[in-house]
Amino acid sequence: GAVVSQHPSRVICKSGTSVKIECRSLDFQATTMFWYRQFPKQSLMLMATSNEGSKATYEQGVEKDKFLINHASLTLSTLTVTSAHPEDSSFYICSAFRDTQYFGPGTRLTVL
Amino acid sequence: QQQVKQSPQSLIVQKGGISIINCAYENTAFDYFPWYQQFPGKGPALLIAIRPDVSEKKEGRFTISFNKSAKQFSLHIMDSQPGDSATYFCAASMNTGFQKLVFGTGTRLLVSP
């Protein structure tokens with residue numbers, strides 16, 4: 001139990017376009033989900049905390065207008081990277097909270 | 001005060017040996033200390049976690065040792081196997097992970113055959 005999925009697993013897009021990443025808790029409901037970003041050979045950096053039915057809480061330095069988070073249901077949170085640029089290329093990982101945080105498999109975003 | 005310091009940055013261990021990774025924290029409000037294993041291109045997976053009311057927790061070949069007074073905790077991997085080669089992250093949070101996790105910098109473990 002406690003499986004979290006992400007879609008897509010990989011995405012390549014052109015600079016200036018928007019990309020949506022989905023995070024789903026498959027076998028449990030999660031009122032709280034988290035979004036992380038990880039650069040190569042670095043640790044996970046928390047971007048925002050997503051609560052079902054309310055606005056996300058962003059970490060300091062994370063642009064809320066660039067990284068739009070929507071937690072519309074108890075099993076789905078989405079992260080939209082708006083007007084993506086090459087520096088947004090990274091590995092994006094979500095987690096969903098049940099008794100602890102369970103992590104998704106990650107999404108590799110490459111912006112050309 | 002929110003930092004978790006992890007060492008070493010990388011570690012090479014022979015098959016069958018013991019791998020030891022250490023972490024230290026400052027915030028005494030932390031009450032949940034998980035360890036995660038991450039393979040390249042994958043999300044982190046919870047290995048084992050401990051709370052400060054116990055000094056040691058063992059699950060199979062993985063053991064967490066916790067020293068509350070020193071504000072340190074460590075992961076021991078007994079009988080290390082090549083399949084254990086991965087990056088390991090310690091983390092800390094308040095309230096069992098419901099609050100945000102603060103991650104260590106990671107340790108890249110290579111177990112040589």
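Each chain gets a letter, A, B and so on, in the order the sequences are listed, and its residues count up from 1. This one's a predicted model, so the numbers in the text were calculated from it and none came from an experiment.
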Q: Mark yes when over 12 heavy atoms from residues, nucleotides or ligands other than A/Lys64 sit less than 6.0 Å from its NZ; otherwise mark no.
A: no
Q: Please name the pair of heavy atoms, one in B/Phe89 and one in A/Gln42, separated by the smallest distance, quoted to 0.1 Å.
A: CZ-O, 3.9 Å
Q) Shared ILVMFWY cluster between B/Val13 and B/Tyr88, side chains joined below 4.5 angstrom? A) yes
Q. Counting only heavy atoms not in B/Ile12, do more than 12 sit closer than 6.0 Å to its CD1 atom?
A. no
Q) Does a sphere of radius 6.0 Å around CZ in B/Arg61 hold more than 12 heavy atoms from other residues, nucleotides or ligands, not counting ones at 6.0 Å or beyond? A) yes
Q | Test ring-ring contact (aromatic ring centres under 6.0 Å, His included) applied to A/Tyr36 - qualifying residues, sequence neighbours left out | A | A/Phe103, B/Phe103
Q) Between B/Pro44 and A/Leu44, which heavy-atom pair has the shortest distance, and what is it? A) CG-CD2, 3.9 Å
**Q.** Under 4.5 Å from a heavy atom of chain B, the part of A/Leu46 involved
**A.** side chain
Q. Excluding sequence neighbours, so at least two apart, what forms side-chain contact (heavy atoms from CB on, under 4.5 Å) with B/Lys15?
A. B/Gln81, B/Pro82, B/Val111
**Q.** Cluster companions of A/Val111 among Ile, Leu, Val, Met, Phe, Trp, Tyr (side-chain spacing under 4.5 Å)
**A.** A/Val11, A/Val19, A/Ile21, A/Trp35, A/Met47, A/Tyr58, A/Val62, A/Phe67, A/Ile69, A/Leu79, A/Val81, A/Tyr92, A/Leu109
Q) Counting only heavy atoms not in B/Glu59, do more than 12 fall under 6.0 Å of its CD? A) yes
(Q) Please determine whether the number of non-hydrogen atoms from other residues, nucleotides or ligands lying under 6.0 Å from atom CD of B/Gln9 exceeds 12. (A) no
Q: Determine which residues belonging to residues 35-43 of chain B lie within contact range of chain A, meaning some heavy atom pair is under 4.5 Å apart, and list them by number or answer 'none'.
A: B/Tyr36, B/Gln38, B/Gly41, B/Lys42, B/Gly43
(Q) Could you tell me if the side chain of A/Thr100 sits less than 4.5 Å from the side chain of B/Pro34, heavy atoms only? (A) no
Q. Does any N or O in the side chain of A/Ser43 come within less than 3.5 Å of the main-chain N or O of B/Gly106, such that one atom is a donor and the other an acceptor?
A. no
Q) Is it the side chain or the backbone of A/Glu59 that comes within 4.5 Å of chain B heavy atoms, both, or neither? A) side chain
